[in-house]
Amino acid sequence: MIAIAAALVGAPPAASAAPAWLSASKLSRPGQSAEAPQVAVDAQGDALAVWQRFSVEAGEQIIEASSRPAGSGSWKPALPISGAKAESSLPQVALDAEGDATAVWLSKEGTKYSIEASTRTGPTGSWQTPVTLAELGETPPAEPRPDLAENAQGEAVAVWHRLEGPTTIVEASSRPAAGASWLAPKTLSENGEDMHPAEVGIDAAGDATAVWEGKGVDSQIEAASRPAGGEWQPQGPISGELANEPRVAVNARGDAVAIWERFEGSEIIEAATRPAGAKAWGESVELTKAPEISEPTGQQVAIDGQGHIVVVWSRFAGASKNQDVIEASLGSVSNSAWGTPVPLSAPAALEEEAPEVSVNNRGNAIVVWEQATAGKSIVEAASGFASGASWQPAVALSGEGEEAGEEQVALDAQGNAAALWRRFDGTSSYIAEAAGFDAAGPLLDSLSIPTSGTVGQPLSFSVSPFDIWSALGATSWSFGDGASLTGASVTHTYSAPGSYRVTVTGADALANTTSATALVTVSAASATVVKEGSSSAPAIAPKITGAHLLHSRFRVSAHATAISAKAGAPLGTSFRFALSEAAKLQITFSRSAAGLRSGKRCEAPSTRLRRKHAKACKRTLTVGSLSRAQEPAGADSVAFSGRLGSRALAPGLYKALLVATTAGLKSAPVTLALTVVS
């Protein structure tokens, strides 16, 4: 019997870390200024960068995008995504769990402004023709940047300001799922302040939360929430008076945190939290104290899957006010206690005051900021944990003396990250640059370890390591009997019965490693007894050993069995395995889909379950199968083009279940993971 990663003993595969930032890559063309960069990373490590750039050829401001599919080794050439509008600017971008992308931005055609959006299917798909979410008229707000949030299921929400004479209207539009149409805008408030943009967050169930600055001399931070498929509901002011520049973060389970700057003799930073399921926000808490000569500003916030919070800001480093320092404070939605602010940077003359922070569901945190050095500005970063571990020393991401800024950062589920910024090219414009943070070892895809064997009979072990950012290093196996081997696919024979702990370790070029462990039970060899007069041995169930895929990531071929190793992902793959005897083989394909819990069942998302705030879950959907009437005993191979009959598998993650049958007796099932890419 073969066991895959899901059957491993103990915790998921463990990684030992030697985290490091990789060299920066240039994403945009020189000589044509790239501004307002934004970056997003999905759980699998697919990265996407967008920015606005003045196109000399078209004579207009356009939105460009560059993607880096996980493990691809490089960023793709930049492509325009904003269409033919005369001026497009201030983009925002987000990714769902499948790598589907959404971007929104401010657009201008003639004298009229609008909010536009475009989508892309999968990490390597094409961007769709932009659609208009709202018409803003001829006068844009003072701060016209829209904001965007998207959950892992592809549900998205965008917010922005629109002027009607002296009135600032806060509006929002939602998209129920990836591929669906955006809904008509809804009004959240007719009493907004347009000096600072509204912000929005969304949880796994599709519930959204928005915050904005209320209008008036005694301005307060306002909030509204919307259940999935429902209407926006105001939640009233959540701050005291003289508050501005709100930020909001929402995690998958629905915990929310809002922060803002408020004047109380001097500027202070405050925060309020709302635990998942709660109707009201808690009392605001001062993260800095007044009077505060350091005047903190440029606040940003992020939250992990357990409700741990990281807030960062910039403040004056001393009474002279000629140097700044970046600080961080940690908190939690479960209580009102916040940690003492700690410095992340050395004091320096910061030209841009706003740091940026990103936190993944596991609590890995990265902060990036602009730091003055040698008369020029560079981008620096520090990594830590939202749960309270100490921060690592700051490191420089951009080259010294290069005048870089407008930095952004985003993390994947493993703690890897992508940072993005713009850098002066030494002539008259800026270029977009990005650097990867490799914090984890390879993923151990298609791991195959036998659960049982027989003394003297060889057992096959295999894995397909896959690293998000770096080249692969060695793959090593320890078999628990003192023996070890190196390689992605190996064979080992045990000489004595017993239970052995098998460990596989994959390394990347930076010496980050990931290990997984499983038990294999080895039995003593036994003779087969045939009754006198019998012409054949009794039928026994077949065994599948050494099962693995030639390519665990591949593109669908146009032909039934074509396999090719052209540039990019290969076309098609092959199932490789060995049969203990000739047998019929059936391979059943399934995929996971988002669902909501209904009792003990995981059902397709519905309005009824969303309104009940049902917990998110994963459903397994069978998409088809292929079979071979008779496969010979011994080493074997079945080519697979990615098509089931005339139907091609859509890009995504799948599982293939292999079962062999002889004389009505079935083998133990073997499960392999595969990824179809565009």
> Please walk me through it: do Thr297 and Glu261 pass side-chain hydrogen bond (donor to acceptor under 3.5 Å, both in side chains)?
Replying inline: CA-CA 7 Å; Thr297 188; Glu261 184 179 300; 3.0 Å; yes
> Could you go step by step and tell me if Leu420 and Val409 meet the side chain to side chain contact (heavy atoms under 4.5 Å, CB included) rule?
Replying inline: CA-CA 6 Å; Leu420 178 69; Val409 67; over 6 Å; no
>> Could you walk me through whether Leu133 and Val131 satisfy the side chain to side chain contact (heavy atoms under 4.5 Å, CB included) test, starting with their C-alpha distance in whole Å, then the side-chain angles of each, then the deciding distance to 0.1 Å, before giving a yes or no?
In response: CA-CA 6 Å; Leu133 303 189; Val131 297; 4.2 Å; yes
> Which is it for Gln235 and Trp281 under the side-chain hydrogen bond (donor to acceptor under 3.5 Å, both in side chains) test, yes or no, and what are the steps along the way?
Replying inline: CA-CA 8 Å; Gln235 294 185 301; Trp281 290 81; 3.0 Å; yes
>> One pair to check against side chain to side chain contact (heavy atoms under 4.5 Å, CB included): Leu411 and Val41. What are the steps and the verdict?
In response: CA-CA 6 Å; Leu411 285 98; Val41 177; over 6 Å; no
>> Between Glu143 and His196, is the side-chain hydrogen bond (donor to acceptor under 3.5 Å, both in side chains) condition met? List the steps.
In response: CA-CA 6 Å; Glu143 175 50 82; His196 305 105; over 6 Å; no
> Would Glu406 and Trp421 satisfy side-chain hydrogen bond (donor to acceptor under 3.5 Å, both in side chains), going step by step from the backbone distance to the final call?
Replying inline: CA-CA 5 Å; Glu406 294 192 19; Trp421 60 88; over 6 Å; no
> Between Arg423 and Asp425, does a salt bridge (Lys or Arg N to Asp or Glu O under 4.0 Å) hold up when you go through it step by step?
Replying inline: CA-CA 6 Å; Arg423 180 179 64 80; Asp425 66 5; over 6 Å; no
> Run the salt bridge (Lys or Arg N to Asp or Glu O under 4.0 Å) check on Arg175 and Glu150 step by step: do they pass?
Replying inline: CA-CA 9 Å; Arg175 190 189 65 205; Glu150 184 170 6; 2.9 Å; yes
> What's the verdict on side chain to side chain contact (heavy atoms under 4.5 Å, CB included) for Trp160 and Val104, showing C-alpha distance, side-chain angles and the deciding distance?
Replying inline: CA-CA 10 Å; Trp160 59 85; Val104 299; over 6 Å; no
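In plain terms, the two heavy atoms of Ala435 and Ala24 that are nearest each other are CB-CA, 4.2 Å. Nearest heavy-atom pair, Ser82 versus Ser88, reported as atom, atom and distance to 0.1 Å: CB-OG, 3.6 Å. Smallest separation of non-hydrogen atoms from Asp100 and Ala178: OD2-CB, 3.8 Å. Nearest heavy-atom pair, Ala413 versus Arg362, reported as atom, atom and distance to 0.1 Å: O-NE, 3.1 Å. Of all the heavy atoms in Trp51 and Ala78, the pair that sits closest is CZ2-CB, 3.6 Å. Between Phe424 and Ser429 the shortest heavy-atom distance is CD1-O, 3.3 Å.
Put simply, the side chain of Asn360 gets close to the backbone of Asp412: a donor and an acceptor are under 3.5 Å apart. At distances below 3.5 Å, at least one donor-acceptor pair connects side-chain atoms of Arg120 with backbone N or O atoms of Gly99. The main-chain N or O of Asp304 is found under 3.5 Å from a side-chain atom of Asn251 such that the two form a donor-acceptor pair. Although no hydrogens or angles enter the test, the distance criterion places a donor-acceptor pair under 3.5 Å between the side chain of Arg226 and the main chain of Gly206.
Atom CD of Glu164 is separated from atom CD1 of Ile169 by 3.5 Å, given to the nearest 0.5 angstrom. Gln38 CD to Gln92 CD: the interatomic distance, rounded to the nearest 0.5 Å, is 4.0 Å. A distance of 9.0 Å separates CG in Leu397 from CH2 in Trp369, rounded to the nearest 0.5 Å.
For Arg422 and Tyr430, the positive end sits near the middle of the six-membered ring, less than 6.0 Å away and at most 45° from its axis.
Between Ile115 and Leu136, some side-chain heavy-atom pair lies under the 4.5 Å cut-off. For the pair Ser89 and Leu106, the minimum side-chain heavy-atom distance is below 4.5 Å. In this structure, Arg274 and Thr209 have side chains that are in contact, with non-hydrogen atoms separated by less than 4.5 Å. Within the 4.5 Å cutoff, side-chain heavy atoms of Glu64 are placed close to those of Ile62. Residues Ser358 and Ile366 form no side-chain contact, since every pair of their non-hydrogen atoms from C-beta on lies 4.5 Å or further apart. Between Thr675 and Tyr654, the closest side-chain pair of non-hydrogen atoms is not below 4.5 Å. You'll find the side chain of Ile238 reaches within 4.5 Å of the side chain of Ile221, heavy atoms only. Annotation: side chain of Trp260 is not in contact with side chain of Asn244 (no heavy-atom distance under 4.5 Å).
For the pair Glu199 and Arg145, the salt-bridge criterion is met [side-chain N within less than 4.0 Å of a carboxylate O].
In this structure Glu270 satisfies the salt bridge (Lys or Arg N to Asp or Glu O under 4.0 Å) test together with Arg262, sequence neighbours excluded.
Here the options are Ile202, Asp147, Leu183, the test is side-chain contact (heavy atoms from CB on, under 4.5 Å), and the partner is Val157; only Ile202 passes.
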